[in-house]
Amino acid sequence: MTPEQLATAIRHAVVEAVEAGEITLEPSQIPSDVTVDRPRNPEHGDYATNIAMQIAKAAGVSPRVAADLVAHRLRVLAGIASVEIAGPGFLNITFDAATLGEVARAVVFAGEMYGSIDRYSGSRFNVEFISANPTGPLHLGHTRWAAVGDAIARVLVAAGAEVQCEFYINDRGAQMDKFGQSIEARAMGTEVPEGGYQGAYVDTLARQVVAADPAIVQIAESDRWQAFREAGYGLQLRQQQDTLEAFNTHFDVWTSERSLHASGAVERGLAHLSEHGHVYESEGAVWLRTTDFDDDKDRVLVKADGEFTYFASDTAYYVDKRDRGFDVCIYLLGADHHGYVNRLRAVAACAGDNPDVNIEVLIGQLVKMYKGGEEVRLSKRAGNIITLEDLVDEVGVDAARYSLIRYPVDSPLTLDLDLLVTRSNDNPVFYVQYAHARISSVLRNAADLGIDWRTSDFEPALLTHDRETGLLGAIAEFPRVVATAAELREPHRIARYLEELATAYHKFYDVCRVLPGADTELGPQTYSRLWLCAAARQTVANGLAMLGVSAPERM
RNA sequence: GCGCCCGUAGCUCAACGGAUAGAGCAUCUGACUACGGAUCAGAAGGUUACAAGUUCGAAUCUUGUCGGGCGCACCA
């Protein structure tokens, strides 16, 4: 019996009590999601539920009475050893040893699919993140989303969703012109224009552009900056793409703002919005009445000079995504863009969609970084930006991704580069990976001894040691953690869970000898513990895969 | 001024409204001539910023105050 099945059984017991006339509840008063916790205190059993306290009031009975009605229906179920009523009305449930042990077998059989659930099967998600200008390298501000956005996508996939990761290239507008003019200036040895790009990378781009096309310097001065702009654009975009692939973050689709205009998607988007009646003209400009839907002020789509605004591209892009068949469009934005939330939701509403369903804007707070006890400030002008590549060079892909993913994004994150490079528990990725390597070592040693646990008898009832049941319980939690992480779009829950799972394994390993040694002989216990090890390793590996972090067999 | 986010151990942070608020780091004390000591066992460390409220139960929900971050374009 899994925790999920237990929850179902508990709900069923409530329904039975109602049908038997023992308590009176409306169908809506029976919780659809029954809470089943793993208590911290082992005296409280393997699992605990608060169902009695939830229904007591509506049923007009005391929690203890409600608890008793549920308890005696659970006690007769196969696999449940005991059900006790405790405290204000908690039900503390203990499984038979074999019931818990069966988890190991199920995990081994499920393999890489363990933890995959069907919560979102049939749903199509578009996850857009980073979406930087192609005018420079990706920096720390983008890095958090590069890791977290990718992990969110992986978790949603594990939850059964069809997911497309998308990068929106802001390749239109004045900043691109400044970019071109800056490269040109460096190549021609002239002054970088006011407000232009100063970083050393501009020099590098200039050299690369000229090296690839020496004739570019011969172009007439009036047109030359545009040639530099296009050449630099191509190089910089390529560089961003290579960096992200090396970071284990893959985008299925790269959509450029220019292409939205070239393909007529912008006009189509505006037409779509007009049909829904939220577009109007005023003071020579065309506006979207976003104030119909909670925005502070209406937004301009077409300026008085006839130019489309950036906002026009955004609205068209949203309509385009929905036309491509996505049920939910997720936007991951930095805190410096939180002012966009209401207007983006308003766009969805203006397009005739439900902003509570079809669009989701997640805001991530900014990342600070310390080195040598001092904050490393981000400043493109001063040229001391930390790029995603810098971070990876310092700490490696696994540590960088893990450190960025293991915290919720709604609070600002402070990372200490000096601690990240040390292989201590300040960087728990090593703790988790070590558990995987350690299990791998045990299984390797077993094979060297000629022990084939797969073809041996697995006896789940032998796994009764506290450290064994603790590990089994941790393994059994995984699918529920995936469900929560997916529903809340919080992949940090996977990381935190993996740390608990690793702890459970290390504790088990410390006390429970697996392979035959001085005091232990090859027998059923060895085989059963090897099954448990295999299940633990599989779960660790599956969890790390959801974070895009490697699961090494040796470290 | 208005809006969003945050305030938890010395530090970095956890905790889908549940039982005694937990980890790691730092400090202190222990554990292998058997499977990887990058581990494990233990000690110490708290008025969950503050004040009211909601309820069987609040770090979590509501309101207010204080403190910090970010944002309020016919820029992109």
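A, B, ... follow the sequence lines: proteins, then strands. Residue 1 opens every chain.
- Residue A:Asp298 is classed as having no contact, given no heavy-atom separation below 4.0 Å to the nucleic acid.
- Within the nucleic acid shown, A:Arg467 comes within 4.0 Å of sugar-phosphate atoms alone, with no base atom in reach, counting heavy atoms only.
- A:Leu288 places its CG atom 14 Å from the P atom of B:C74, with the value rounded to the nearest Å.
- Residue-level contact check: A:Ala56 touches neither bases nor backbone, having no heavy atom under 4.0 Å from any strand.
- Within the 4.0 Å cut-off from OP1 or OP2 of B:G36, not a single side-chain nitrogen or oxygen of A:Tyr505 is found.
- Atom NZ in A:Lys297 sits roughly 16 Å away from atom P in B:G3 (whole-Å rounding).
- Both thresholds, 5.5 Å between centres and 30° between ring planes, are met by A:Phe90 relative to the base of B:A19, so the two rings are stacked.
- A:Asn41 comes within 4.0 angstrom of a nucleotide base, judged by non-hydrogen atoms across all strands.
- Summarising the geometry, the separation between NZ on A:Lys368 and C1' on B:C5 is reported as 14 Å, rounded to the nearest angstrom.
- Below the 3.5 angstrom threshold, one finds no donor paired with an acceptor across the side chain of A:Asp336 and the base of B:G71.
- No engagement by A:Asp296 is indicated, since no non-hydrogen atom pair under 4.0 Å with the nucleic acid exists.
- Contact between the side-chain N/O atoms of A:Asn170 and the OP1/OP2 oxygens of B:C75 is not found at any separation under 4.0 Å.
- With a cut-off of 3.5 Å on both pairing distances, the Watson-Crick or G-U wobble partner of B:G3 is B:C70.
- Proximity of A:Lys303 to the phosphate of B:A76: a side-chain N or O atom is located under 4.0 Å from OP1 or OP2.
- Figure legend. B:C50 is base-paired to B:G64; pairs are counted as Watson-Crick or G-U wobble with both atom distances under 3.5 Å.
- Between A:Val300 and A:Arg444, the residue anchored closer to the 5' end of RNA chain B is A:Arg444, taking for each the nucleotide with the nearest heavy atom.
- In this structure, A:Pro412 reaches the sugar-phosphate backbone alone: every heavy-atom distance under 4.0 Å involves primed, P, OP1 or OP2 atoms, never a base.
- A:Leu488 pairs by the side chain to side chain contact (heavy atoms under 4.5 Å, CB included) definition with A:Thr484, A:Glu490, A:Arg493, not counting sequence neighbours.
- If you take atom C1' in B:A49 and the same atom in B:U60, they sit 16 Å apart, rounded to whole Å.
- Remark: A:Glu4 does not engage A:Arg480 in a salt bridge, criterion side-chain N to carboxylate O under 4.0 Å.
- Both geometric conditions, a ring-centre gap below 5.5 Å and a plane tilt below 30°, are fulfilled for A:Tyr509 over the base of B:C35.
- Dashed line: the shortest gap from a side-chain N or O of A:His506 to OP1 or OP2 of B:G36 is not under 4.0 Å.
- Base engagement by A:Ala285 is indicated by at least one non-hydrogen atom pair under 4.0 Å involving a base atom.
- The CD atom of A:Gln365 sits 11 Å away from the P atom of B:G7 (whole-angstrom rounding).
- No contact: A:Pro516 has no heavy atom under 4.0 Å from any strand.
- Applying the 3.5 Å distance criterion, the base of B:A14 shares no donor-acceptor pair with the side chain of A:Arg496.
- Using a 4.0 Å cut-off between charged nitrogen and carboxylate oxygen, A:Asp448 and A:Arg444 do not count as a salt-bridge pair.
- A:Thr484 has no side-chain polar atom (N or O) that falls below the 4.0 Å cut-off from OP1 or OP2 of B:C16.
- Stacking here means ring centres nearer than 5.5 Å and ring planes tilted less than 30 degrees, and by that measure A:His44 stacks onto B:A19.
- Side-chain contact between A:Leu333 and A:His338 is absent, with no heavy-atom pair separated by less than 4.5 Å.
- Searching all strands for a Watson-Crick or G-U wobble partner of B:A23 with both distances below 3.5 Å returns B:U12.
- Distances shorter than 4.0 Å separate none of the side-chain N or O atoms of A:Thr309 from OP1 or OP2 on B:A76.
- Note on A:Thr35: a base of the nucleic acid sits closer than 4.0 angstrom, heavy atoms only.
- Between the CZ atom of A:Phe430 and the P atom of B:G37 there is a distance of 18 Å, given to the nearest Å.
- The shortest distance between the side-chain N/O atoms of A:Arg493 and the OP1/OP2 oxygens of B:A15 is below 4.0 Å.
- Of the residues near RNA chain B, A:Asp510 and A:Glu283, the one whose nearest nucleotide (by heavy atom distance) lies more toward the 5' end is A:Asp510.
- Between A:Arg513 and A:Glu468, none of the side-chain N atoms (NZ, or NE/NH1/NH2) sits under 4.0 Å from a carboxylate O, so this pair counts as no salt bridge.
- Using N1 to N3 plus N6-O4 or O6-N4 for Watson-Crick, or N1-O2 and O6-N3 for G-U wobble, each under 3.5 Å, B:C40 pairs with B:G30.
- Relative ring orientation between A:Phe179 and A:Tyr197 is described as perpendicular, the plane-to-plane angle rising above 60° on a 0-90° scale split at 30° and 60°.
- Side-chain atoms of A:Tyr168 and A:Ser256 form no donor-acceptor pair, as typed in the model, at a separation below 3.5 Å.
- Taking atom CD1 of residue A:Ile85 and atom P of nucleotide B:C56, one finds them 20 Å apart after rounding to whole Å.
- Salt bridge annotation for A:Arg345-A:Asp356: present, with a cationic side-chain nitrogen under 4.0 angstrom from a carboxylate oxygen.
- A:Gln54 CD to A:Thr35 OG1: the interatomic distance, rounded to the nearest 0.5 Å, is 5.0 Å.
- Residue A:Met53 has its side chain nearest to B:G18 when only B:C74, B:C40, B:G18 are considered.
- Among the atoms of the strands shown, none is found under 4.0 Å from any heavy atom of A:Cys533.
- With rounding to whole Å, A:Tyr497 atom OH is found 18 Å from B:A23 atom P.
- In this structure, B:C56 forms a base pair with B:G18, meeting either the Watson-Crick or the G-U wobble geometry with both donor-acceptor distances under 3.5 Å.
- Going from atom OH of A:Tyr434 over to atom C1' of B:C35 covers 11 Å, rounded to whole Å.
- Base-pair partner of B:G45: not found among the strands shown (Watson-Crick or G-U wobble, both distances under 3.5 Å).
- Using a 30° and 60° split on the angle between ring planes, A:Trp254 and A:Phe167 fall in the parallel class, below 30°.
- Base contact: A:Ala437 has a heavy atom under 4.0 Å from a base atom.
- Across all strands, A:Leu301 comes closer than 4.0 Å to no nucleic acid atom at all (heavy-atom distances).
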Stepwise, does the side chain to side chain contact (heavy atoms under 4.5 Å, CB included) test hold for A:Phe508 with A:Leu532? CA-CA 10 Å; A:Phe508 157 77; A:Leu532 177 56; 3.9 Å; yes

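- Remark: the A:Asn92 side chain and the B:A19 base include a donor-acceptor N/O pair separated by less than 3.5 Å.
- Within the 4.0 angstrom heavy-atom criterion, no nucleotide atom of any strand lies near A:Glu43.
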List, with names and distances, any nitrogen or oxygen atoms from the protein found under 3.5 Å away from nitrogen or oxygen atoms belonging to nucleotides 42-44 of chain B.
none

